[in-house]
Amino acid sequence: MTEIDYIKEIERLKKEKNAIILAHFYQTPDIQDIADYVGDSLALAQKASSADASIIVIAGVKFMAETAKILVPEKKVLIPDINAGCSLADSCTPEEFKKFIEENPGRTVVSYVNTSVEIKAMSDIICTSSNALQIIESLPENEKIIFAPDRNLGNYIKSKTTRDIIVWDGACHVHEKFSLEGILELKKKYKNARIIVHPECELPVRMIADFIGSTSALLKFTKEDNGEIYIVATEPGILHQMIKSNPNKKYIPAPPSDLSCACSECNYMKMITLEKIYYTILNEEPEIILDEEIIKRASKSVLRMFEVSSRIG
Ligand code: 13P
Ligand code: SF4
């Protein structure tokens, strides 16, 4: 049997079917390189909503594909592995969250995009790590807020604003695994290194950060900053774009607490492969199918995020 040239075949199928591939920064380099667009969660949602294509393939995790479907329900949205979930999204179930909202009445519900479509439908407004603080500060000052599901991002925002916020107790299994000691060891070795951290990391790691931001903010920082060495505390997929845009700098992935595992890699993101992308476009499945009613309710909170972001810039 002759081997399939996945890159060539994906290119051919994309043209034939008017399909585009939107990839998250945590995807493997081969996938980032064949994607039509690579970005953070916010940018992928924006690209999906303005895409001039019949088929949108999300090389990322399920909540990202669901967000795309919510925004363009008339289009076919595909995900190469339907089991590519997210531990953070899973840490907030609709039943428990409904109870939490009922126990804390009168609060505006701000949810991070890393949530299921059901949680989005229960929320007043969505945010991503790129715009969370701006979204919260866009709300009237006297509004009390529930923030879900990430306790680390939520507590980070709480430290930056005077708003009354209660935070759902969820977390990402990847970002909570970075080792404070391991990062400090690296810093001892590379004294000039800047420690750059995603806000989903725990407080001790955030406390030693020179810069905290979303994946796109971390990338921008390494592009514009005059440093030469960076210890990067987020999923190491992001290093590919850092190296591409500034190959002369050194980027060191922050180590996880357990060095015997690859636990700083998101096992869900890494479920996506070139082979799966090929078969997904070929067979036009797995497809994201959502109930019309839930799309209607979830789209309100996602569109409100877009409306606020475009107003405040
Ligand atoms: P960004 O929105 O910063 O890309 O983060 C997405 C994510 O899943 C982080 O773990
Ligand atoms: Fe979800 Fe964490 Fe993976 Fe991001 S890194 S997709 S938050 S499990």
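In listed order, ligands and their atoms are each counted from 1.
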Enumerate the atoms of ligand 1 whose separation from the nearest heavy atom of N114 is less than 4.0 angstrom. 7 (C), 8 (O)

Which atoms of ligand 1 sit under 4.0 Å from any heavy atom of S129? 1 (P), 2 (O), 3 (O)

Does the side chain of [X] reach to within under 4.5 Å of the side chain of [Y], using non-hydrogen atoms?
X    : Y    : result
S245 : L219 : yes
K270 : T28  : yes
N155 : R206 : yes

Looking only at distance, does S214 have an N or O less than 3.5 Å from an N or O of ligand 1? no

Between D40 and ligand 1, is there a nitrogen or oxygen pair with a distance under 3.5 Å? no

Between R311 and E307, does any NZ, NE, NH1 or NH2 come within less than 4.0 Å of an OD or OE carboxylate oxygen? yes

Using a 4.0 Å cut-off to any heavy atom of N114, which atoms of ligand 2 qualify? 7 (S)

Atoms of ligand 2, numbered as shown, that sit under 4.0 Å from any heavy atom of S87: 8 (S)

Within a 6.0 Å radius of atom CD on E16, are there more than 12 heavy atoms belonging to other residues, nucleotides or ligands? yes

So, taking the atom named OH in Y26 and the one named OG in S41, what distance separates them when rounded to the nearest 0.5 Å? 7.5 Å

Rounded to the nearest 0.5 Å, what separates atom SG in C92 from atom CG in N114? 11.0 Å

Exam field: side chain E200 to backbone C172, donor-acceptor pair closer than 3.5 Å: no

Expected output: side-chain K75 to main-chain A51 donor-acceptor under 3.5 Å: yes

Applying a 4.0 Å heavy-atom criterion (strictly less than), which segment of T128 is in contact with ligand 1: side chain, backbone, both, or neither? neither

Ligand 1-proximal atoms of F25, by part, heavy-atom distance under 4.0 Å: neither

May I ask you to decide if the ring planes of H175 and H198 are parallel, tilted or perpendicular, using 30° and 60° as cut-offs? tilted

Does ligand 2 have any atom that is closer than 4.0 Å to a heavy atom of E200? yes

With respect to atom 1 (Fe) of ligand 2, please indicate if H173 possesses an N, O or S atom at a distance under 2.8 Å. no

Identify the closest protein heavy atom to [atom]: which residue and atom is it, and at what distance?
atom                    : value
atom 1 (Fe) of ligand 2 : C86 SG, 2.4 Å
atom 9 (C) of ligand 1  : E200 OE2, 3.1 Å
atom 2 (O) of ligand 1  : S41 OG, 2.8 Å
atom 5 (O) of ligand 1  : H198 NE2, 3.4 Å

With respect to atom 2 (Fe) of ligand 2, please indicate if C172 possesses an N, O or S atom at a distance under 2.8 Å. yes

Could a heavy atom of M269 be found less than 4.0 Å from some atom of ligand 1? no

Hey, do the aromatic rings of H173 and Y268 have their centres closer than 6.0 Å? yes

Just let me know how C266 lines up against ligand 2, side chain, backbone, both or neither, with a heavy-atom cut-off below 4.0 Å. side chain

